[in-house]
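Working notes for the structure below.
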Amino acid sequence: MRIQSEEDLPGKQKIALHFEGQKLDNKDFFGKSDPYLVILRKVKDLSIAVHRTEVIKDNLNPRWKPFNVKLSTLCGSDYNATIKIECWDSNEGSKNDDFIGSVECTTNDLLRLEEFELINTKKTKK
């Protein structure tokens with residue numbers, strides 16, 4: 001997964017994020033996965049969703065629309081706080097979407113790194 005991030009002016013306290021996936025796992029029998037991302041803020045033992053991207057239909061190399069998020073919402077303004085990014089395959093008409101993978105990082109990582117590998121622990125255990 002590739003990430004492009006940019007910090008707004010210090011007074012605004014926002015971060016602009018742009019995600020794209022490359023060679024995502026195909027979870028559909030007919031066609032390709034319909035991926036979307038969920039960005040979660042980890043607070044103690046809880047994960048709180050702070051943003052969900054749009055679903056990109058039939059695409060294993062998606063480019064989601066860029067978005068801005070307040071640093072206080074994303075990480076409590078703590079650049080070293082853990083953030084989790086989950087990638088899911090949307091199953092329209094079903095209550096259960098398929099998990100593609102996730103990665104944990106920090107806001108500092110988002111600002112510094114350009115690529116992360118999604119991990120699916122269920123898949124790696126096989």
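Here the closest non-hydrogen pair linking C75 and A81 is O-CB, 3.7 Å. For N26 against S33, the heavy-atom pair with the smallest separation is OD1-N, 3.0 Å. Considering every non-hydrogen atom in both D34 and D58, the closest pair reads OD1-N, 2.7 Å. Closest of all the heavy-atom pairs between K14 and N68 is CD-CB, 4.4 Å.
Counting only heavy atoms from C-beta outward, the side chains of V43 and I48 approach each other to under 4.5 Å. With contacts defined as side-chain heavy-atom distances shorter than 4.5 Å, the pair Y36/P62 does not qualify. Using a 4.5 Å heavy-atom cutoff, the side chains of L71 and T107 are in contact. Using a 4.5 Å heavy-atom threshold, the side chains of H18 and W64 count as separate. Looking at heavy atoms from C-beta onward, F99 lies in side-chain contact with N120 at the 4.5 angstrom threshold. Taking the side chain as every heavy atom from C-beta outward, L24 and L118 approach each other to under 4.5 Å. Within the 4.5 Å cutoff, no side-chain heavy atoms of R41 are placed close to those of S47. The shortest side-chain heavy-atom distance between E92 and K57 falls under the 4.5 Å cut-off.
Here the straight-line distance linking atom CD1 of I56 with atom CG of L37 works out to 9.0 Å at 0.5 Å rounding. To the nearest 0.5 Å, atoms CD1 (I15) and CG (L110) are separated by 5.5 Å. If you take NE2 on H51 and NZ on K70, they are separated by 14.5 Å, rounding to the nearest 0.5 Å.
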Legend entry - side-chain contact (heavy atoms from CB on, under 4.5 Å) between S72 and Q13, worked out: CA-CA 8 Å; S72 59; Q13 305 263 333; over 6 Å; no
Show your reasoning for whether side-chain contact (heavy atoms from CB on, under 4.5 Å) applies to I83 and E104. CA-CA 6 Å; I83 298 164; E104 289 191 2; over 6 Å; no
Go through the steps for E54 and K65 under the test side-chain contact (heavy atoms from CB on, under 4.5 Å), then give the verdict. CA-CA 8 Å; E54 73 279 11; K65 292 178 186 173; 3.3 Å; yes
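F116 and L60 are members of different hydrophobic clusters when ILVMFWY side chains are connected at heavy-atom separations under 4.5 Å. Residue L111 is grouped with residue F19 when hydrophobic side chains (ILVMFWY) are merged at heavy-atom distances under 4.5 angstrom, including chains of intermediate members. At a threshold of 4.5 Å between side-chain heavy atoms, the hydrophobic network of Ile, Leu, Val, Met, Phe, Trp and Tyr places L17 and Y79 in one connected group.
Screening residues 80-90 for side-chain hydrogen bond (donor to acceptor under 3.5 Å, both in side chains), with sequence neighbours left out, gives N80-N108, E86-W88.
In the model, N91 has no side-chain atom that pairs as donor or acceptor with a side-chain atom of N96 under 3.5 Å.
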